[in-house]
Amino acid sequence: MAEVLVYVDHVDGAVRKPTLELLTLARRIGEPVAVAVGSGAENTAAALAEHGAVKVLTHDAPEYADYLVVPKVDALQAAYGQVSPAAVLVPSSTEGKEIAARLAVRIGSGIITDAIDLESGDEGPVATQSVFAASFTTTSRVVRGTPVITVKPNSAAVEAAPAAGTVEVLSVTFSDQATGTKVVARTPRESTGRPELTEAAIVVSGGRGVNGAENFAVIEALADSLGAAVGASRAAVDAGWYPHTSQVGQTGKSVSPQLYIAAGISGAIQHRAGMQTSKTIVAINKDAEAPIFDLVDYGVVGDLFAVVPQLTEEIKTRKG
């Protein structure tokens, strides 16, 4: 069976969920070979093997921490040359898409970004995408070179499938461009204790109807009762009610959770583009004609300040 390269997104050896999802998808089209680079790369092997990696290629060097993107592209290109894979899968983060695009240019291959599903086809992997603000679903495949595909988080359920996970040290020669952009400072992100927005299984978002930064406490309380991430519409973010890092939409982050709850959000196309692939969508809005109700699975017409606290209390009660 052909091998499939999977680029590993990890933090000091702790493998992030989107990578485990990629391993599940990779097994549909071949044998996953994971590529882990940077600090703690060698510590990823156990988790990767548990989820289907037949081989784990690792490499650590100061360049991965000291410079942006290009050293990681060099490493993935080295792995590509060693393995000659049937496809290369990369998590569809901002950095992941840049790594994938640069690799595709280097190896002369086509690229598919933001796939939400992946299947084996007679002429190579077939990717499903949600396009044009999620108005259409398309299936496509790369027709030149080795497919390079980025996959959105929460596109596949994580499935354990123990494999050998043989660890090999990857030989990497950094290019002249690798040291072109140096990281001069880092500021740790303050932890809220909530899941990462793009990876969360449940997202609760507030919009213009929240009517003030202080009122986002209502949204946060519901999110915390569900173990969810908190999102915000562009209107709420532009008004300064919530951080830009939490914006969901075409000019913010795209999410695809199992459950998306929109409170006080009208459903403008800009917002819909970032959440319409959510598996189940619930909207709470006092305007029965709000566009958001056109795409929801469940809608509540009512004042969010009356509905959301009741919902939060009911969840807490059922949890015991």
Whether the [X] and [Y] side chains hold a donor-acceptor pair (N or O, under 3.5 Å, no angle test) is what I'd like checked.
X      : Y      : answer
Ser205 : Tyr260 : yes
Asp114 : Ser92  : yes
Gln270 : Arg234 : no

Picking from Val308, Ile281, Val282, what satisfies side-chain contact (heavy atoms from CB on, under 4.5 Å) with Ile261?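 By the side-chain contact (heavy atoms from CB on, under 4.5 Å) criterion, Ile261 pairs with just one of Val308, Ile281, Val282: Val282.
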
Should we count [atom1] of [X] as having more than 12 external heavy atoms under 6.0 Å?
X      : atom1 : answer
Glu214 : CD    : yes
Lys286 : NZ    : no
Arg194 : CZ    : yes

Is the closest side-chain heavy-atom distance between [X] and [Y] below 4.5 Å?
X      : Y      : value
Lys55  : Glu3   : yes
Ile107 : Val148 : yes
Leu295 : Gln276 : yes
Ile265 : Val248 : no
Tyr242 : Val230 : yes
Ile112 : Ser140 : yes
Val151 : Glu21  : no
Asp12  : Ser39  : yes

Residue pair Val70, Thr181: steps toward the side-chain contact (heavy atoms from CB on, under 4.5 Å) verdict: CA-CA 9 Å; Val70 179; Thr181 306; over 6 Å; no

Is the backbone N or O of [Y] less than 3.5 Å from a side-chain atom of [X], with the two atoms forming a donor-acceptor pair by type?
X      : Y      : result
Glu199 : Pro195 : no
Lys316 : Ser225 : no
Asn215 : Val210 : yes

Electrostatic pair [X]-[Y], nearest N-O below 4.0 angstrom:
X      : Y      : result
Lys279 : Asp297 : no
Arg28  : Asp117 : yes
Arg27  : Glu159 : yes
Arg208 : Asp238 : no
Lys72  : Glu98  : no

[X] side, atom [atom1]; [Y] side, atom [atom2] - distance, nearest 0.5 Å:
X      : Y      : atom1 : atom2 : answer
Gln258 : Ile202 : CD    : CD1   : 9.0 Å
Asp9   : Leu22  : CG    : CG    : 9.0 Å
Ser84  : Leu5   : OG    : CG    : 9.0 Å
Leu48  : Thr19  : CG    : OG1   : 7.5 Å
Phe305 : Asn211 : CZ    : CG    : 6.0 Å
Asp74  : Ile99  : CG    : CD1   : 10.5 Å

Applying side-chain contact (heavy atoms from CB on, under 4.5 Å), run through His51 and Thr24 and close with a yes or a no. CA-CA 7 Å; His51 292 85; Thr24 298; 5.8 Å; no

Path from [X] to [Y] over hydrophobic side-chain contacts below 4.5 Å:
X      : Y      : result
Val255 : Val204 : no
Tyr67  : Val172 : no
Val56  : Leu20  : yes
Ile149 : Val126 : no
Val105 : Val73  : no

How close do [X] and [Y] get, counting heavy atoms only, and between which atoms?
X      : Y      : answer
Val37  : Ala75  : CG1-CB, 3.6 Å
Pro125 : Ala87  : CG-CB, 4.1 Å
Ala41  : Ala36  : CB-O, 3.4 Å
Pro153 : Ser256 : O-CB, 3.9 Å
Thr113 : Gln129 : O-NE2, 2.8 Å
His59  : Leu170 : CD2-O, 3.1 Å

Mind checking salt bridge (Lys or Arg N to Asp or Glu O under 4.0 Å) for Lys152 and listing every partner two or more places apart, or none if nothing turns up?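 In terms of salt bridge (Lys or Arg N to Asp or Glu O under 4.0 Å), with neighbours along the sequence ignored, Lys152 is linked to no residue.
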
Criterion side-chain contact (heavy atoms from CB on, under 4.5 Å) on Thr139 and Thr128, from CA distance to verdict: CA-CA 4 Å; Thr139 54; Thr128 300; 3.8 Å; yes

Test ring-ring contact (aromatic ring centres under 6.0 Å, His included) on Tyr7 and Tyr80; report intermediate values, then the result. CA-CA 11 Å; Tyr7 179 76; Tyr80 170 84; over 10 Å; no

For Val142 and Ile111, what are the C-alpha separation, side-chain angles and deciding distance, and is it a side-chain contact (heavy atoms from CB on, under 4.5 Å)? CA-CA 7 Å; Val142 170; Ile111 183 172; 6.0 Å; no

